[in-house]
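Report on one structure; see the data block that follows.
Order of the sequence lines sets the chain letters (A, B, ...), proteins ahead of strands, with each chain counted from 1. The analysis underlying the following values was restricted to heavy atoms, covering all of them including side chains, and did not include hydrogens, waters or symmetry mates.
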There are 2 protein chains.
Amino acid sequence: MDITLENFPDTLPNLIKDIKNAEFIAVDTEFTGVSRTRADGINRKHTIEERYDHCRNDAEKFQLLQLGICTVAFDKELESYVCRPYCFGVNPSAKWGLEREFVIQASAAKFLVSNGLDLTKVFVDGIPYLREDEEKALIEKEDKFVEGSEIKEDIIVEPEQAMFVEKFVGEVQAWLNDPNPEYDFLNVTGEGNDLNNYERRIIHQTIRSRFPNLSTTSKMGFVQITQSDPEAEKAIRIEKSNRTREEIDKAVGLRRVMDALRSSHKPLIGHNLFIDLIHLYQTFVSPLPPTLQEFTNQVHRDFPCIIDTKLIASCGTRCHSSTTTLQNLSITFETLSEPRIRIDANHQPKSDTAAHDAGFDALITSRVMMQMMVYLNSQLESCGGDREKAAEKLATFINSMGLQGGTFVSGGRVPSLVDEKTKGIWKGLANEIRLNGTQEGVVTFGPI
Amino acid sequence: MDITLENFPDTLPNLIKDIKNAEFIAVDTEFTGVSRTRADGINRKHTIEERYDHCRNDAEKFQLLQLGICTVAFDKELESYVCRPYCFGVNPSAKWGLEREFVIQASAAKFLVSNGLDLTKVFVDGIPYLREDEEKALIEKEDKFVEGSEIKEDIIVEPEQAMFVEKFVGEVQAWLNDPNPEYDFLNVTGEGNDLNNYERRIIHQTIRSRFPNLSTTSKMGFVQITQSDPEAEKAIRIEKSNRTREEIDKAVGLRRVMDALRSSHKPLIGHNLFIDLIHLYQTFVSPLPPTLQEFTNQVHRDFPCIIDTKLIASCGTRCHSSTTTLQNLSITFETLSEPRIRIDANHQPKSDTAAHDAGFDALITSRVMMQMMVYLNSQLESCGGDREKAAEKLATFINSMGLQGGTFVSGGRVPSLVDEKTKGIWKGLANEIRLNGTQEGVVTFGPI
């Protein structure tokens with residue numbers, strides 16, 4: 001289901017409900033570039049700490065453009081898992097002077113475009129967002145505005161404007177000196193009874209500094225000057241500010257999805273999930289912390305259980321990286337009839353949706369995770385619980401792309417992560433993420 | 001006329017012919033961002049040298065995405081100027097490991113998209129290019145490849161590969177030790193009679209360092225090892241290299257347009273031309289020189305005459321910046337019947353083409369330039385050659401958006417820049433570019 005600016009408000013409540021009812025949630029992200037991990041001239045593998053630094057720099061530089069979510073619920077009546085994939089375009093544009101600059105790699109753009117991501121469309125109907133700290137800064141600015149304590153930046157008054165300034169300052173002085181002025185306001189304007197923005201700013205800042213007891217209000221064609229009425233002006237500021245606060249609240253936009261995921265504490269699935277997490281936190285939560293430990297702690301608080309399909313499929317180091325790509329795993333497991341999985345009728349991928357669409361990839365990730373775990377569980381049962389033997393069978397199945405390996409002895413459900421009886425199966429399979437090409441090979445995220 | 005990857009090869013010869021026949025050529029560019037000129041915290045106007053630095057940084061950071069050209073020829077039979085606008089999508093993707101990274105401002109992307117530029121399309125059917133230094137570096141690499149003197153980077157051989165290396169080194173040694181080997185080659189392969197790219201690279205680099213007299217060739221499923229035959233190998237390298245050189249020559253792509261413009265030495269028109277020139281040279285010629293003087297010298301060598309419609313329309317400092325935008329000038333002058341201008345039938349803008357399409361803006365720029373100069377020339381005649389009076393009339397016409405100002409006394413042609421009789425009219429109007437917001441206000445590019 002493609003979510004755009006238009007259907008986002010109606011979709012969000014449903015998504016939040018789906019997240020609440022989900023057993024697992026898969027995520028996938030698409031962004032504007034990836035730096036080469038060995039471009040920095042060290043002739044050895046990265047440590048995971050170095051890799052974190054590397055990915056953090058990438059996330060600061062490159063921009064998230066697509067977010068895929070797939071909620072997975074269990075339908076007891078149909079004894080079937082129900083997947084609901086969502087695909088969100090991420091619009092980097094923001095208001096209130098928040099300029100987002102990001103880097104695009106030409107090769108990454110080419111890759112995204114050739115996989116169907118429409119770069120133009122994200123700026124038209126993608127969903128904007130405010131990160132937590134961005135929202136906070138805007139609200140603080142509103143607080144200052146209401147108190148009248150915000151800092152107003154003065155612009156340079158060019159020498160050519162001296163005459164103009166002298167003229168309106170004279171008018172103001174004359175109006176103030178008049179013991180019986182005709183009106184309790186004075187309208188200041190320029191040539192042809194008009195003002196450009198530059199002239200308006202000069203009037204505002206000159207009155208502000210020279211006549212602190214006067215107020216200025218921009219009107220069509222002129223600036224109106226009145227005696228200050230602090231109470232009334234504050235009331236107007238509060239009214240204005242309330243409107244802006246409503247807009248800010250609305251502009252939080254796509255971050256609501258991340259907020260809902262984080263507060264749900266549901267098991268989070270991803271394929272090579274590390275890079276997705278990095279981008280999600282950098283985009284929606286805050287600038288990333290300086291150390292990997294702080295980052296994994298932060299993630300673990302929100303997501304007590306994370307599942308990396310790349311790690312599970314690697315079977316330790318038994319499976320080669322090329323057989324454990326998401327696309328190959330999808331092919332390997334597609335003939336398995338267990339567990340029963342269906343896609344909600346409202347969430348069927350469009351006929352032309354393909355790999356690397358974030359919603360589609362999130363769907364495939366959730367499916368592959370369930371199939372691998374049910375397969376592994378079945379092998380465990382047939383091996384009398386011998387984890388090494390079961391892993392060996394899964395590895396054979398994956399390396400042969402489904403042509404060799406054990407058969408099912410029992411089907412059914414994905415082992416629960418909370419049930420004490422099945423929790424043990426997840427040891428070494430959850431809360432660890434595979435980081436190929438690093439010395440340690442794996443990052444851990446705390447106990448299951 | 002929109003030029004894409006598909007019609008570029010057929011269009012280029014026509015464009016080159018049009019450039020040769022042109023009296024003037026207008027250009028316009030669209031790119032991915034513009035930094036605020038006063039963001040750097042100095043509370044005074046930039047000098048033009050500082051502005052150059054600022055624009056140079058921008059050009060290094062932001063990417064050209066659209067190039068508009070409009071050639072203007074004079075049709076003597078019809079006594080009419082003929083405009084031929086071209087609009088090129090610029091594809092930043094490049095091959096041979098040339099990764100182009102560039103910054104996008106979200107606000108700029110939004111602006112471009114809302115003005116009809118399709119960000120997705122440039123990566124699909126935009127025209128790639130190689131800058132002069134990029135082409136040179138690739139050709140030098142080919143020269144080294146032919147000589148066998150290129151530096152081949154070794155990858156790290158992981159400890160897990162020790163067995164694999166030992167095995168094929170043993171095979172090679174056995175083959176070399178065999179006084180009567182069955183074949184004059186040895187095929188080395190891996191598990192399942194296959195090799196991944198990593199294993200291939202290990203074989204190549206190991207043989208290279210341990211057996212300098214042997215050669216390796218990648219084949220489907222294996223690497224073939226033979227005794228070196230320097231002559232034959234060089235012949236193969238030359239053949240390969242010739243194919244690559246042909247591809248490089250083709251990949252010069254859109255730069256051919258800039259090359260044709262530069263070697264034509266024709267008068268070049270632009271509206272706020274400075275920023276266009278900066279982007280054109282940075283994109284197609286070389287990294288920009290460190291000083292403004294070097295840059296203006298470089299431009300002047302290529303374009304002995306440049307015409308900035310913003311400068312002409314400013315009439316010194318008589319006209320306000322808001323009346324001299326390209327859009328407003330276009331409206332101001334659109335009712336004038338002189339000079340006669342038509343658009344070549346093959347180059348008519350599509351019905352939905354609008355302002356900020358680079359081809360369309362180049363067309364408007366050329367039209368406005370001709371109309372202003374014919375108008376000014378006419379006023380000069382009516383004022384007995386008094387330049388100040390004529391400029392005053394043009395200023396009145398522009399500031400009133402065509403409602404006030406003199407009428408035509410004579411129509412006809414744009415004053416020639418080479419004819420000694422009319423050249424004088426251009427004094428102070430050509431080879432100067434308006435740089436609003438700088439202390440000097442104007443950059444000069446050498447004598448007319």
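- If you measure heavy-atom distances from B/Glu99 to chain A, the contacts under 4.5 Å come from the side chain alone.
- The aromatic rings of A/His46 and A/His54 lie tilted to each other, with the angle between the two planes from 30° to 60°.
- Here the shortest heavy-atom pairing between A/Leu329 and A/Ile398 reads CD2-CG2, 4.0 Å.
- For B/Ser322, no part lies under 4.5 angstrom from a heavy atom of chain A.
- The aromatic rings of B/Phe123 and B/Phe102 lie parallel to each other, their planes meeting at an angle below 30°, with 60° marking the opposite boundary.
- For a residue to count as touching a neighbouring chain, one of its non-hydrogen atoms must lie under 4.5 Å from one of that chain's; by this rule B/Phe62 touches chain A with the side chain only.
- For the pair B/His204 and B/Val223, the minimum side-chain heavy-atom distance is below 4.5 Å.
- Considering only heavy-atom pairs separated by less than 4.5 Å from chain B, the leading option among A/Pro92, A/Ala94, A/Ser107 is A/Ser107.
- Looking at B/Arg255 and B/Glu134, no side-chain N of the basic residue comes within less than 4.0 Å of a carboxylate O on the acidic one, giving no salt bridge.
- Only the backbone of B/Leu117 comes within contact range of chain A, judged by heavy atoms closer than 4.5 Å.
- Per-residue heavy-atom pair counts under 4.5 Å with chain B were compared for A/Val113, A/Val103, A/Ile104, and the maximum is reached by A/Ile104.
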